[in-house]
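Sequence lines set the chain letters: A, B, ... in the order given, protein chains first and strands last, and positions in each chain run from 1. Just so it is clear, the values below take in all heavy atoms, side chains as well, and ignore hydrogens, waters and symmetry mates. These figures come from a predicted structure and were not determined experimentally.
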Amino acid sequence: MDIELKHIAKRSENLSDWYTDVILKGELADYAPVRGCMVYREYGYAIWERVKKLLGQRIIDAGHQDVYYPLLIPRSLLMKEAEHIEGFSPEVAWVTIGGGEKLAEPLAIRPTSEVIIGTMWAKWIGSYRDLPILQNQWANVVRWEKATRPFLRTLEFLWQEGHTAHRTENEAREETRLILDIYRDFAVDDLSMAMLAGKKSDSEKFAGAVETYAIEGMMPDGKALQCGTSHFLGQKFAKAFEIKFLDDDNTEKLVWTTSWGVSHRIVGGLIMQHGDDNGLILPPRVAPVQVVIVPILYDETKAQVLEAAQKLGLLLKSHSVFDEPLRVHADLDETTTPGFKFSKWELKGVPVRLEIGPKDLAKSQVMAVTRDDRAKRTLAFDPGAGTFELEALTGLLAGVQQRLRERASQELSSRLFKVESFDEFKETVTGKGFAVAAWDGTDETEAAVKEATSATVRVLKKGVTSGKVACIYSGRPARYIAYWGQSY
RNA sequence: CGGGGUGUGGCGCAGUCCGGUUAGCGCGCCUGCUUUGGGAGCAGGAGGUCGUGGGUUCGAAUCCCGCCACCCCGACCA
């Protein structure tokens, strides 16, 4: 049966409008009365809380501990690392008045926390025995962006920023790559997303980094979205902030540091990679509501059906899926029709819906519908005996999680194009996806390509080429094979 | 930040060009009855001073200027 979708734009026709519609009408977020800022509503914040839980656990499991540093950073600290301030100064917001008086020294609202953290580390680190330092903070930061979009780019955003200090270069480099793996695994396993992971070109590096690695997702409009970055900072910040330690050979050395972050932008990527014309499709691991129960109410049977729906809800709440209590919501509202509820929860992307009506009750079953493929099947449920096919439900949830992952993976594969000519290159990066193309490795070439196509190197493919391949733009011997694309 | 567009009950819009009684419509909302397995129907009702500040005028949603916000394209960025 056809569904009338008068309320949201079609994802297949207008991704941009669809994106805004599902966020506003799905009640994830709303625009705040401050330019470029958004309010996370209950459902949207719940998704972020899931990200915090799942990614946070991976970070903790890798040996890091959570901390919290101040929001405000004295100007003098921010100025200490030259590349860092050069990169960030255009987008820093400043506090110049406090308590009604002009401040002697302006305070920056943190755009990121390297400098204030480095300052404290210089105080805390004395010996090699104090290393490594493995910290993570969940925080908000402000970057004065010119153009904003919910989740993808906002003036204030929520993120996780990790900061580590190490005794040796090698250890810090390993940390950088470990985090990249954690980010990729989190995106793939928990969010069912598809990502390219690799090193950034110099021009795309973090301000103050020696090397930057990133995970990059591909969106349905053919544009890339950077979803997480991991930076090897070398000794640049250690030098600027004099973060030194006495090694076991009794000589004073500078530490090696890293920093890395995933922001709420990844929620924007999650939304875009998984939806359909009916709204969001959330992978069960991150879905705030994994199962919604919709009772089908008629006057004569209302009482029994409501009671059964409630019982089912309680039963499911005590069940665990993916090692966590099942997140179930029984939508017992008697003032809206079942059809309305179906659409509403589909818009919100709930992975599994359980319908229970008089016909089901008579047959001791419920109707289960999976969000991604809308497949229907019955599951045995006996309210009297309190029995339900819990394992089958777990299987349905696992199935959604896996199908989404496979679909995203196929979608990414279908958007990788090996290109041999610059014409092909241009066509690919304007709406099709990633161009996999040889690059001579120079800033000039990357800048020229960006000028001509607005595409940049998103990440480099591993390894250096033999030099026999010609750069897609300059024709000179290539140093790298790169994934190029236009980005958000 | 440059170019383009938009701003009128909660949402989507008409009205603006060419100023003139009580600013309309659809959806939503409230009440009642009938409904309820894919966004229910009928009846009644509430709700806006036209983004905002100034100006022109006897009179401004409508004309002029400033500002703000949002959308699209570009530049910049997680």
Side-chain angles (χ1 to χ4, degrees), chain A residues 1-9 14-17 19-21 24-25 30-38 87-92 111-112 140-161 183 200 203-207 212 214-217 224-231 259-269 278-279 294-302 305-306 333-347 353-362 366-367 369 374 376 378 450-451 454 456 458 486-488:
Chain A
M1 206 173 297
D2 272 353
I3 288 146
E4 195 188 5
L5 282 167
K6 49 191 172 187
H7 298 306
I8 64 170
N14 187 337
L15 182 72
S16 183
D17 285 353
Y19 179 77
T20 310
D21 279 348
L24 296 178
K25 291 173 179 163
D30 202 353
Y31 294 103
V34 192
R35 182 187 82 81
C37 293
M38 58 185 256
F88 278 107
S89 64
E91 51 190 48
V92 171
T112 179
N140 58 337
V141 293
V142 168
R143 298 184 187 176
W144 216 260
E145 301 289 351
K146 311 268 166 93
T148 59
R149 295 203 69 192
F151 292 109
L152 300 179
R153 191 180 302 102
T154 48
L155 285 205
E156 179 188 6
F157 61 90
L158 300 181
W159 76 346
Q160 145 296 297
E161 53 177 322
Y183 284 168
K200 285 282 186 186
S203 71
E204 296 277 318
K205 253 175 12 184
F206 173 75
T212 288
I215 53 170
E216 290 268 340
L225 184 72
Q226 181 170 304
C227 291
T229 47
S230 182
H231 316 292
S259 70
W260 26 277
V262 160
S263 77
H264 73 206
R265 169 182 277 188
I266 203 165
V267 174
N278 296 323
V294 178
I296 314 297
L297 304 173
Y298 296 90
D299 274 347
E300 321 80 65
T301 50
K302 184 180 275 182
V305 171
L306 273 177
D333 185 353
E334 294 180 40
T335 67
T336 52
T337 61
F340 180 85
K341 292 177 184 174
F342 297 166
S343 303
K344 170 182 167 181
W345 294 108
E346 277 177 2
L347 173 60
R353 177 176 78 237
L354 298 179
E355 303 171 19
I356 178 162
K359 293 178 209 163
D360 302 302
L361 218 49
V366 299
M367 186 66 72
V369 187
R374 297 183 145 208
K376 292 192 173 188
T378 57
K450 186 174 183 182
E451 177 69 30
S454 82
T456 52
R458 300 322 302 159
Q486 291 183 342
S487 72
Y488 268 90

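The shortest distance between the side-chain N/O atoms of A:K450 and the OP1/OP2 oxygens of B:G74 is not below 4.0 Å. Between A:S16 and B:C72 there is a side-chain N or O to OP1 or OP2 distance below 4.0 Å. For the pair A:T337 and B:A40, the criterion of a side-chain N or O lying under 4.0 Å from OP1 or OP2 is met. Taking only side-chain nitrogens and oxygens, A:R149 comes nearer than 4.0 Å to OP1 or OP2 of B:C72.
If you check every strand for non-hydrogen atoms under 4.0 Å, A:Y31 touches sugar and phosphate atoms only. The residue A:E145 sits close to a base: some heavy atom pair falls under 4.0 Å. Counting any heavy atom pair closer than 4.0 Å across all strands shown, A:D360 reaches a base atom. Within the 4.0 angstrom heavy-atom criterion, base atoms lie near A:K344. Counting any heavy atom pair closer than 4.0 Å across all strands shown, A:G261 reaches no nucleic acid atom. The residue A:T20 sits apart from the nucleic acid: no heavy atom pair falls under 4.0 Å. If you check every strand for non-hydrogen atoms under 4.0 Å, A:P358 touches a base. Backbone-only contact: A:Q226 has heavy atoms under 4.0 Å from sugar-phosphate atoms and none from a base. A:T335 comes within 4.0 angstrom of nothing in the nucleic acid, heavy atoms only. Among the protein residues, A:S263 comes within range of the nucleic acid bases, having at least one heavy atom under 4.0 Å from a base atom. A:G268 comes within 4.0 angstrom of no nucleic acid atom, judged by non-hydrogen atoms across all strands.
Of the C1' atoms belonging to B:A14 and B:G32, the separation is 32 Å, rounded to the nearest Å. Across the C1' atoms, B:C29 and B:A46 are found 8 Å apart, a figure rounded to whole Å. Between B:C65 and B:C70, the two P atoms lie 23 Å apart (nearest whole Å). Taking atom C1' in both B:C58 and B:U6, the straight-line distance is 33 Å, to the nearest Å. To the nearest whole angstrom, the two P atoms, one in B:G54 and one in B:G59, are 16 Å apart. If you take atom C1' in B:G47 and the same atom in B:G41, they sit 23 Å apart, rounded to whole Å. For the P atoms, the distance from B:G28 to B:G3 is 42 Å, rounded to whole Å. A distance of about 22 Å separates the C1' atoms of B:G66 and B:C71, rounded to the whole Å.
Across B:U36, B:C77, B:A75, the shortest atom-to-atom separation from the side chain of A:A147 is found for B:A75. Side chain of A:P338, nearest nucleotide from B:A78, B:G38, B:G37: B:G37. Comparing B:C1, B:U36, B:G37 against the side chain of A:K359 picks out B:G37 as the nearest. For A:F342, the side-chain atoms get nearest to B:G38 when compared with the rest of B:G39, B:C77, B:G38. Taking every side-chain heavy atom of A:E346 into account, B:G38 is the closest of B:G38, B:G37, B:C77. Side-chain proximity of A:R143 to B:U35, B:A78, B:C1: nearest is B:A78. Taking the side chain of A:R153 as heavy atoms from C-beta on, and the options B:C71, B:A78, B:G37, the nearest nucleotide is B:A78.
Remark: B:C70 base-pairs with B:G5; criterion is Watson-Crick or G-U wobble with both hydrogen-bond distances under 3.5 Å. Pair check for B:G37 finds none; no Watson-Crick or G-U wobble contact set falls under 3.5 Å. Under the Watson-Crick and G-U wobble criteria, each requiring two contacts below 3.5 Å, nucleotide B:A61 is left unpaired. Taking a pair to require two hydrogen-bonding distances under 3.5 Å in either a Watson-Crick or a G-U wobble arrangement, B:C42 pairs with B:G32. Across all strands shown, the partner of B:G12 is B:C25, judged by Watson-Crick or G-U wobble contacts whose two distances both fall under 3.5 Å. In this structure, B:G47 makes no Watson-Crick or G-U wobble pair, since no nucleotide meets both defining distances under 3.5 angstrom. Pairing for B:A75 is absent, judged as Watson-Crick or G-U wobble with the two contacts each under 3.5 Å.
In terms of position along RNA chain B, the nucleotide closest to A:T336 lies nearer the 5' end than the nucleotide closest to the other residue of the pair A:E451 and A:T336. Each of A:L347 and A:F151 was assigned the nucleotide of RNA chain B with the nearest heavy atom; the assignment lying further toward the 5' end belongs to A:L347.
If you measure from atom NZ of A:K205 to atom C1' of B:A78, you get 17 Å, rounded to the nearest angstrom. Between A:I8 atom CD1 and B:G12 atom P there is a gap of 15 Å when expressed in whole angstrom units. Counting to the nearest Å, the C1' atom of B:A78 and the CE atom of A:M38 are 14 Å from each other.
Of the charged side-chain nitrogens involved, at least one lies within less than 4.0 Å of a carboxylate oxygen, so that A:E346 and A:R374 count as a salt-bridged pair.
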Show your working on side chain to side chain contact (heavy atoms under 4.5 Å, CB included) between A:I296 and A:K359 and close with a plain yes or no.
-> CA-CA 9 Å; A:I296 314 297; A:K359 293 178 209 163; over 6 Å; no
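Remark: A:R143 is not positioned above the aromatic ring of A:F157, lacking an NZ or CZ atom under 6.0 angstrom from the ring centre and at most 45 degrees off the axis.
Inspection of the A:H231 and A:T212 side chains reveals an N or O donor paired with an N or O acceptor under 3.5 Å. No side-chain donor from either of A:S16 and A:N14 sits under 3.5 Å from a side-chain acceptor of the other.
Side-chain contact check for A:R353 versus A:F342: some heavy-atom pair is nearer than 4.5 Å. You'll find the side chain of A:E216 reaches within 4.5 Å of the side chain of A:K200, heavy atoms only. Side-chain contact check for A:L306 versus A:E334: some heavy-atom pair is nearer than 4.5 Å.
Heavy atoms from other residues, nucleotides or ligands lying under 6.0 Å from CD of A:E451 number 12 at most.
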